[in-house]
Amino acid sequence: MLVRSGLSSVGCGSRRDARRLALAALRRRSLRLLGAALALSVGCSSAAPAPPARQPPVVKTPPSQAKAPGGPPLLPAHVVAELEDEDATPYHARRGDEALLLYAAGGQWKTRVLGADGAPRGEAIEVGPAPADVPVAALRAAPEGYVAAWIEQVEGSRAVRMLALDTAGKAIAPASLVARTAEEITWLDVLPNAKGALVLWEMPREDRVDVVMSVVTIGKGTVSKPTGPAAVARGALSWHAVATEGGAAVALVLPPPGGAARGEQRAADKAGAEGAAEAAKLGSVSLVEIDAAGKLSAPVVVSAGPTAQIDLEIAAVGGRYLLTWTDERDIDSAVYLAAVEPGGKVVVAPRQATPPSGEQALVSLVAPAAPGGRALLAWEDLLRARDGSGAEGRGAGRLVHLASVGPDGALSAERAALVFSASGPPDLAADGDGFAAVTLAPAALKAGGGPAVPPVWPTFVRFGPDLSVRAAEPVRAAPFAATDGVPYLVRGLSCHKGACSTLASAAAGAGPQQGGAGKAPGGRAPLALVSLPVRESAWRAPAFREDTDPPPRATGVRALVEGDSIADVAGVDLEGGAALSAWVTYFVEGSSDGAPRGQDLAATLAVRAAGPGGLGKLNVISQKASSLGGVAIAAAPPAAGAGPAESVLAWVARERGETQVYLTKLDATGAKVAQKKLTTAPRKKKPGAPASEATDVAIAYDGAGGFIVAWIDSRDGNAEVYAARVDRALKATVPDRRITNAPLDAAEVQIAVRGQEAWLVWSDARPAGGGAAGEGAAGAGAASGASGEPSGDIFLARLDAKTLQRIGDESRLHPSPEHSRSPVIAPLEGGFVAGWIEEPAGEGASAGGGARLARLDASGAASGPVIALAAPEGAPATSVALACDKVCRGVLVSAPGDSVVLNAFTLAPGDSAAPALKPLAGLTGGASRDVAPAFAGGSGGSLFFADDSASGAGRVRWMTITWP
């Protein structure tokens, strides 16, 4: 089966092909699978088209490597040919216990039969002239031998030729001219059947292709003249074919009738189109069957909506056709599966292959080795921890997820992950009752002792039927002794009856050496067939079983909305496992002229329900919200024990340039029930004074039928903490009350209620000893930045939940020379746990910092030491979320490099050491955005956060988490 990849060629190809590759990369949304450093081994010239995106994977060893670990033995290998060009492509097809090698040398096509152990059986045979430029070729095993086809250039035109070979690799007849045209031909495949072969090729039509075929009948010692070219499909976006005994089945992605734009076809909550190029690369999925005589069946619609990306693949599994593709019918792209019986009956309607996990991209579908076997589905989740290290430190790389799949389209419970480097996708093949892979991954010994940064080498993995790792080693063999046994290029993985091998070649001039001396004659590149045995190995496997991964772990990720960038997110649990999420978009006042004349335009405030039954309706509450005001939500139980639960949303609206705090009552679906303005403070700017603003809202249910709201307000000059209390009807029972009185600004207030008390935490830049009566000796040395200016510390105030009168004095939770910000607070065992972020402050501050966690008893005093929580690998920590019931569960957001990672931790009562961190997900957005994580309840089972999609649009995501 053809394995497609999104790889580009180096130094050759037309502009059209470069555009096609770029669009394919965008559609797959998996730039991780693209590697500029990975070259396809094909001939290049100024006129030949570049290889298309479906070329079989080629793994190229990076040129700069660390010193090789010593000790482990090399793999068995046989030199089978010498290539005149190190980037020339050899073709390999397995037929039972034998295989055939086809390659070009000296202007001739040559074949060589290889035995089951990879050893050549006899010398190479010349089977006909080979053109100088062959951009694409294919070699397939047939019932009576082998069939090859290729594209070549003939006097400025393109030609397709086919060559039939017997079991000894000899030509049955001279190569046949299948088609010749002045137009471009960019891809072809040859599909043998019981009577001969179908040759299919594609001809580009701007951003679409015509699929054309020809039929060749092959008998004993005879080859018929190919039939004239006939159209299989016109104007397709992409296609993929699989051979059958009676002909072939062709899966197609077809554009919508009339070229309807993507923005008109996507779900209503997908905000806006992402460009004409992307719209043109989504289509419906159809299937066409072709018999051995070239007769086409009527097209069968498999997936009617124009939501399929162009990475469609098809395989024959259990007497059915299994089709898979990346689909965009929902906000997040996902891998979909469908099954069709021969004759055209859709027996498994299109469905998502895996639980929602954020944006996904299809990697490959590998057909089983035997008719009754299971196929292998490979895909990538874009929301994953990006180092791929796992609990055992398997080394840097990204993860391809693997699961076997049967003819019913159901994936196995067993899941595996395969590490691969950023420079290419893995080569996958069926291996008896299991599977095999060749990937590019860090090569490290199980016992350690190698270089601190291990070299990145081509490595094979053998999987059992349950996807357990049977064997794994770097591809190293004696013919490549000049480069520590590591070849230059590896390709053509194949397996038969539990024996696997792959082609590997050295760079020109780095041929087999005896005793460290000598090169291949004439500077040719040796080509070897390397055996990949199941044996004991000292090497660490770049693969592992995922389904045995212990919690905490993300069990599902769904996007709630896509559109503008997100400024703040909130969430609250409801009954029956449902939750509400609210968010406000990022908006800079004066940056948009899109408002109707005479109307204000500001940030958008919206709410959406999420639960086991799926997502609810998207409810836009306001388009006049303030990004700086933030958003908060709290839920109350049903009144008098009856009726539905109610939630109240706190937010800030901007009208006529002034900000005021608003409250909105919501039903269980997130729809607006009632709304009132909480504050009416005058906001007119006084000469020489900063504008008066309300920001950073927080809200909590008070336990007695009402809600307590807190926010930051600068109505009296500097920013101070204010609070108010309302009843269920949103009527104020305690009007605005100023809580703090300090010389500098407060920010980011948060609130939690237990019993008769409400606790507030916030960041305050007051100087040492300023306005924090009751601080102990530890507080006397309150922090200031490196420049001597006060930096923020986290402060606490306790309030009577009924009157909002302060209980005792404010206290500084922890004096620090760093800037303390973004506090969170949650009740735990008669007290509370507070957390916050600390980042270097003052002149010369550098990246770093982390989080701190403080336990507080019922009086607000520290219970045990403040715990410092450092982000992995010394990365900056950007935010933290807490949810507590019997234990506290948290998520620390870190920003290694330009990425963002969510890390889970658990803090039990009495723990004094920093909790261990486990990566949950690596986000698709950049490190410059605060993801504003918010748990929906004390269990920590639902987390809402902001993220930018791979296309750059802002998204709110809902993650479900399983905890220990």
For Ala142, enumerate each residue passing the side-chain contact (heavy atoms from CB on, under 4.5 Å) test, keeping only those at least two apart in sequence or located in another chain.
-> Val147, Pro192
Please name the residue in the list Val366, Leu376, Val363, Val461 that meets the side chain to side chain contact (heavy atoms under 4.5 Å, CB included) test with Leu402.
-> Leu376
Give the table of side-chain donor-acceptor pairs shorter than 3.5 Å for residues 100-110, with sequence neighbours excluded, one pair per line with atom names and distance.
none

State, without any angle test, whether Thr324 and Glu313 hold a side-chain donor-acceptor pair at a distance under 3.5 Å.
-> no
Partners passing side chain to side chain donor-acceptor pair (under 3.5 Å) against Glu473 (at least two apart in sequence or in another chain) | Arg535
Identify which one of Thr244, Leu198, Ile290 satisfies the side chain to side chain contact (heavy atoms under 4.5 Å, CB included) criterion when paired with Asn193.
-> Leu198
Side chain to side chain, Val486 and Pro474, heavy atoms closer than 4.5 Å | no
Please name all residues satisfying side chain to side chain donor-acceptor pair (under 3.5 Å) with Glu144, sequence neighbours left out, ordered by chain then number.
-> none
Heavy-atom donor-acceptor pair, Ser494 side chain to Ala429 backbone, under 3.5 Å = no
Give the C-alpha distance, both sets of side-chain angles, the deciding distance and a yes or no for side-chain contact (heavy atoms from CB on, under 4.5 Å) between Tyr321 and Leu287.
-> CA-CA 9 Å; Tyr321 306 125; Leu287 178 73; 3.6 Å; yes
Would you say the side-chain atoms of Thr502 pair up with the backbone N or O of Arg491, donor to acceptor, closer than 3.5 Å?
-> yes
Quick one: list whatever passes side-chain contact (heavy atoms from CB on, under 4.5 Å) with Ala243, sequence neighbours left out.
-> Leu191
Partner residues of Arg95 under the salt bridge (Lys or Arg N to Asp or Glu O under 4.0 Å) criterion, sequence neighbours left out = none
Please tabulate, for side-chain N and O atoms in residues 162-176, each donor-acceptor pair with protein atoms closer than 3.5 Å (sequence neighbours left out).
| unit_1 | atom_1 | unit_2 | atom_2 | d |
| --- | --- | --- | --- | --- |
| Asp166 | OD1 | Ala168 | N | 2.9 |
| Asp166 | OD1 | Gly169 | N | 3.0 |
| Asp166 | OD1 | Lys170 | N | 2.8 |

By side chain to side chain donor-acceptor pair (under 3.5 Å), His78 pairs with (sequence neighbours left out) none
Table please: side-chain donor-acceptor pairs of residues 215-237 below 3.5 Å, with sequence neighbours left out.
| unit_1 | atom_1 | unit_2 | atom_2 | d |
| --- | --- | --- | --- | --- |
| Ser224 | OG | Thr217 | N | 2.8 |
| Ser224 | OG | Thr217 | O | 3.3 |
| Thr227 | OG1 | Val215 | N | 2.8 |

Please identify each residue that fulfils side chain to side chain donor-acceptor pair (under 3.5 Å) with Glu183, with sequence neighbours left out.
-> Arg205
With side chains defined as the heavy atoms from C-beta onward, is the minimum distance between Arg158 and Arg180 less than 4.5 Å?
-> no
Can you list the residues that meet the salt bridge (Lys or Arg N to Asp or Glu O under 4.0 Å) rule with Arg94, with sequence neighbours excluded?
-> none
Looking only at non-hydrogen atoms, find the nearest pair between Ala93 and Ala141 and report the distance.
-> CB-N, 4.0 Å
Report yes or no: does Asp133 contribute a side-chain atom to a donor-acceptor pair with the main-chain N or O of Gln153 at less than 3.5 Å?
-> no
Give a yes or no on whether the backbone of Ala119 and the side-chain of Asp117 come within a donor-acceptor separation of less than 3.5 Å.
-> yes
Residues forming a ring-ring contact (aromatic ring centres under 6.0 Å, His included) with Trp201, sequence neighbours excluded = none
